[in-house]
Amino acid sequence: MTSTAPPGPAPASPPATTAQPVIRARGVSMAYGGTDVLHGIDLAIHRGEVFALLGPNGAGKTTTVEILEGFRRRSAGEVSVLGADPERGDDAWRGRIGLVLQSWRDHRRWRVGELLSHFATYYPEPRDPAALLAMVGLTGHADQQVDRLSGGQRRRLDVALGIVGRPELLFLDEPTTGFDPEARHEFHLLVERLARDEGVTVLLTTHDLVEAERLADRIAMLVGGRIRACGSPAELARRAAARAEVRWTADDGTTRRERTADPSRLVWELHRDADGPIAGLEVRRPTLEDTYLHMVHREDDAPAPEHPDGTDGAVGAEARAA
Amino acid sequence: MRGTPMTTTKDHPGTADHPGTGEPAELTGPPAPRRPTGRFWRAGLRRGGIELRHLLRSPKELSGQLTNVVVALLIASYVSGEVPGTSTPLSHLVLAGFAAYLLFQVGLISLPQMLVTEREEGTLLRLRTTPGGIPAYLVAKCLLVVVMAVGALALLLAATALVADGPLPRGPGGWLTLLWVTTLGLLAVVPLGAAIGAVLPNPREALALIMLPTMGLLFTSGAVFPLTAMPGPVQQVASLFPLKWMAQGLRAALLPDTARAAEVAGSWELPMVALVLTAWAVLGFLLAVPLLRRAARRESGSRLSARHRRAERSGAPPG
């Protein structure tokens, strides 16, 4: 089986790997009492891929993920997760999926090591609990009661519990909320190791763009129940940077600004016209963050016709100026 | 044990064909290992054992048990006089009723509270996302509840017998009655308690919702005051609920036969005790199985966070 292979700006469906995607969704919609919260989500996530579902609160991330986890019934569309429809997922199917949610507060009275060892017994081929504790940096806390852990430690325990059964697919819901920078870094390394070395497929939901960029092979931006863009971080950044803004101070002292796909040409033209240095010249390329924020604020706009896989074709090609 | 019916109903057909679950079939009991049921049982029993250990270490739980013993001892030493028309101390009659109430409250107060709390904390969701987690959870809870109830009963009888000349069954017949009344009594209240725990909204409201009717039954069921002291309609209503019959059954086990003169019917009515408790057990199971399934099925991450938000302050439903 091939892993990863970051998809190029290919049309509609992601790379034509021979293997069936671990997660495939087609036209998934969700309506609560007449209100649509998801409008035809399409996804194809492959083995060993780290996929980030990025979006503001209320964009439909949770709903999407819970449909994939089998916790919610979709209103329409087709879903296959690890070869099964999540609505009919049985125990064996569950055993192949790991879940790290934001709001676990369970088993407070248990000791850390005791809890992990206990949950290992439910799986046919569990990881070694002691090794796992070391992996998430909780070895020193094995005898501690769960409710005495700090927020970050608790989350790392949740991660350990999520992967103790050697899942093929791991759902991470806002995994690093409340982590300090070092814990976050450690966590990122852990996720990378799981995906690269063990071929675990990871679906990460987050509203933290930096985290998505850092971890994900591909990012889907979900806004207002639609996937507005999807691609590798580099691709999205390139697409975002396609329209640069050039600013300069004109002879009359006013600040001028112009958006262009070809800032180099504009700057050259300015120089040619001015026949000398230009005051306050600045070329700004929008970052992925700018684009993301722009999309989020545009939320109420008419339904974007943009293709779910984010290849609004032409933009990518003409962008390469600098 | 009580876990059996609920556990087997959780079996989905046709799951054994999955690769990756190729563990050795260590099941020595029933043949045809369609799925690793043995593992669930073992996980459940181990889980029950661990929870029991936590319970024994919990100061709150221990002080609760201690309070029960102290109350029982107070009853034994302060309730004076005799059951009218007999030479049986009145305190024995009250202690038998109190013992019945302990069984009753383990099933109908402690168990629902545990369930509601564990739903809110996400324990149920965690087990739902674990293969075989829900059956193991039910096995563990049954073990826990049975040990708690039997422990409370044993502690009460032993303490009062040792310190205050409390009641104990006389002869094998009395012990046998104690055994079956306790078993059937638990069967009557535990599934019912599970059903209640599956539907109540949250631990804070749960306590209020359960306490009132339970206390009402405690005072009207003849558990602490002789039933004959109650007006007729109250007696009839109380007779519909299991506590009256549990208390009556325990009196039959713990008091001498002569004391039955003080019963409403002039006898222990043991067949009726068995009948009513069995009826409640059946009703409890019929309610508990679908309600627990529904509760487990409804658990999800967003529900959990929504509950946590509401718990912190009454807020908006999930988005």
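Letters A, B, ... are given to chains in the order of the sequence lines, protein chains preceding strands, and every chain is numbered from 1. What you are looking at is a predicted structure, and each value in this text was computed from that prediction instead of being measured.
Looking only at side-chain heavy atoms (C-beta outward), B:Phe40 and A:Asp91 come within less than 4.5 Å of each other. You'll find the side chain of B:Arg42 stays beyond 4.5 Å of the side chain of A:Thr121, heavy atoms only. In this structure, B:Arg298 and A:Phe71 have side chains that are not in contact, with every pair of non-hydrogen atoms separated by 4.5 Å or more. Two residues are said to be in side-chain contact when any heavy atoms from C-beta on lie closer than 4.5 Å; B:Thr130 and A:Leu161 fail this criterion.
Contacts between B:Leu125 and chain A at a heavy-atom distance below 4.5 Å involve backbone atoms as well as side-chain atoms. Interface remark: B:Arg53 contributes side-chain atoms only to the contact with chain A (heavy atom separation under 4.5 Å). Contact of B:Ser58 with chain A is made through the side chain alone, with heavy-atom distances under 4.5 Å. Proximity to chain A (any heavy atom under 4.5 Å) is shown, for B:Arg128, by both the backbone and the side chain.
Note: A:Phe119 CZ to B:Leu127 CG = 4.5 Å, rounded to the nearest 0.5 Å. Between the CG atom of A:Leu101 and the CZ atom of B:Arg126 there is a distance of 7.5 Å, given to the nearest 0.5 Å.
With respect to A:Asp106 and B:Arg119, no salt bridge is recorded, no charged nitrogen being found less than 4.0 Å from a carboxylate O.
Of the candidates A:Gln145, A:Glu114, A:His107, B:His54 forms a side-chain contact (heavy atoms from CB on, under 4.5 Å) with just one, namely A:Glu114.
Across A:Arg111, A:Arg94, A:Glu69, A:Arg109, the residue that shares the most heavy-atom pairs under 4.5 angstrom with chain B is A:Arg109.
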